[in-house]
Amino acid sequence: MKSYRQKIMDIIKADIITMNGSKNSMTTTLVMSIIITIVSGFCINPAAGTMGCFMIGGLIVPTMFNSEMKNHGERLYGIIPVERKELVTSRFIFCTAVFFIAEIVIYLMMLISLKTQLYNRIFENGELDFLKIVSDMTENRMSPTGFFNLVYFTSSAFGLKMMAWSLRSYLSDSKKYAQQMMEATMGNRKMSKKDVITGVFVLAILVIFILLLLGVIKITAAIAVVVTLLFQLAQAANGLFLGLIFIIEALFFLIYCYISALLTYEEKDI
């Protein structure tokens, strides 16, 4: 009998083979997104690297299971000797590992970009250096590196949540998920009321936080303590401390999606 770990690794290997077994345009899209993110970080600004967090979070699941969705390959797992919980576990491990590997590579590349500041030479003495502008506007309460850390880790947290929810949706109802991906690819998918509300809420929170950080919005006495605490957390460890808090919260959301997927996939007809 194979060990539990060996079964998980075998399923991951099978997913890799399936992903690369036929022409997969989503794989090309994912790789190109990472490359464009890194090039933009070196040529425009390291802040451009934060956009890669969202793209990677949204592209991982369609990339991994594009071939399976097209060929209805998930039916195979209804007849081979693989327990459903092993399948769910392996896919969460696989997608999470790919996500963090890509995020770490981009983060290290963006730190190199901050160090070399090639983008400043391109734009003549850094007149369009977004991170430096923000640092100056906050009266140097945060360094450019600190502000980059905060924004990057916050974006990574949202990207991780996007990936976790997407994988949960795929495992819960692959047909519905495939239909949504097809509609999104063809530009026919209409945004639901929930999508609009969620997008507006996230954007509003981000804008308000930045405006508070820049001093554009005046802080009232009622929220001064909370905002001061957030600013102190944001400055701690050069932006890493608060960013890691967001990542940890996203990991708890990942665990929730994993448990939810386990429960729904066990009851699902394949």
Side-chain angles (χ1 to χ4, degrees), residues 19 24-64 66 95-138 140 142-166 181 184-185 187 198-199 202-207 209-211 213-214 234 238-240 242-244 246-247 250:
M19 182 180 68
N24 190 343
S25 60
M26 293 301 299
T27 303
T28 303
T29 302
L30 178 61
V31 173
M32 288 303 300
S33 297
I34 296 174
I35 294 174
I36 291 172
T37 297
I38 294 175
V39 172
S40 299
F42 276 95
C43 298
I44 300 176
N45 194 279
T50 61
M51 298 303 298
C53 304
F54 294 103
M55 290 190 293
I56 292 170
L59 287 173
I60 283 181
V61 174
T63 298
M64 299 302 178
N66 185 45
C95 290
T96 303
V98 172
F99 176 83
F100 276 111
I101 289 172
E103 295 295 302
I104 291 172
V105 169
I106 294 176
Y107 178 72
L108 293 177
M109 292 296 101
M110 295 304 98
L111 288 183
I112 294 174
S113 175
L114 274 169
K115 187 69 174 179
T116 59
Q117 295 193 358
L118 176 63
Y119 51 91
N120 278 346
R121 299 187 182 94
I122 295 176
F123 288 115
E124 299 179 358
N125 300 323
E127 293 180 1
L128 298 179
D129 188 344
F130 170 74
L131 296 175
K132 185 176 184 303
I133 292 172
V134 172
S135 178
D136 292 341
M137 292 181 70
T138 59
N140 295 316
M142 290 191 70
S143 67
T145 302
F147 187 75
F148 167 75
N149 285 335
L150 179 59
V151 175
Y152 189 85
F153 279 91
T154 303
S155 299
S156 294
F158 279 112
L160 180 59
K161 286 184 174 182
M162 190 183 305
M163 185 275 295
W165 186 259
S166 183
M181 289 298 102
T185 302
T198 301
V202 171
L203 181 61
I205 293 296
L206 182 61
V207 170
F209 180 77
I210 292 176
L211 292 178
L213 190 65
L214 298 178
N238 216 11
L240 289 174
L242 183 58
L244 287 176
F246 290 143
I247 291 292

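Residue numbers run from 1 in the order of the sequence given. All values reported here derive from a predicted model rather than from experimental measurement.
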Which is it for Met162 and Ile60 under the side-chain contact (heavy atoms from CB on, under 4.5 Å) test, yes or no, and what are the steps along the way? CA-CA 10 Å; Met162 190 183 305; Ile60 283 181; over 6 Å; no
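Atom CD1 of Ile36 sits about 12.0 Å away from atom CE of Met51, to the nearest 0.5 Å. Annotation: the span from Leu160 atom CG to Ser155 atom OG amounts to 12.5 Å, rounded to 0.5 Å.
Taking each heavy atom of Thr37 and Gly52 in turn, the nearest pair found is OG1-CA, 3.5 Å. Scanning all heavy atoms of the two residues, the minimum distance from Gly243 to Leu150 falls at N-CD1, 4.3 Å. The shortest heavy-atom contact between Ile247 and Ala157 is CD1-N, 3.7 Å.
Remark: side-chain polar atoms of Ser33 are not paired, donor with acceptor, to backbone N or O of Met55 under 3.5 angstrom.
Residues Cys53 and Phe158 fail the side-chain proximity criterion, which asks for heavy atoms closer than 4.5 Å.
The salt bridge (charged side-chain N to carboxylate O under 4.0 Å, His left out) contacts involving residues 149-163 comprise Lys161-Glu249, where partners must be two or more places apart or lie in separate chains.
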Pairs under 3.5 angstrom only: tabulate donor-acceptor contacts from the side chains of residues 99-111 to other protein residues two or more places apart or in another chain.
{"from": "Glu103", "atom 1": "OE1", "to": "Ser156", "atom 2": "OG", "distance (Å)": "2.8"}
{"from": "Tyr107", "atom 1": "OH", "to": "Asn149", "atom 2": "OD1", "distance (Å)": "2.7"}

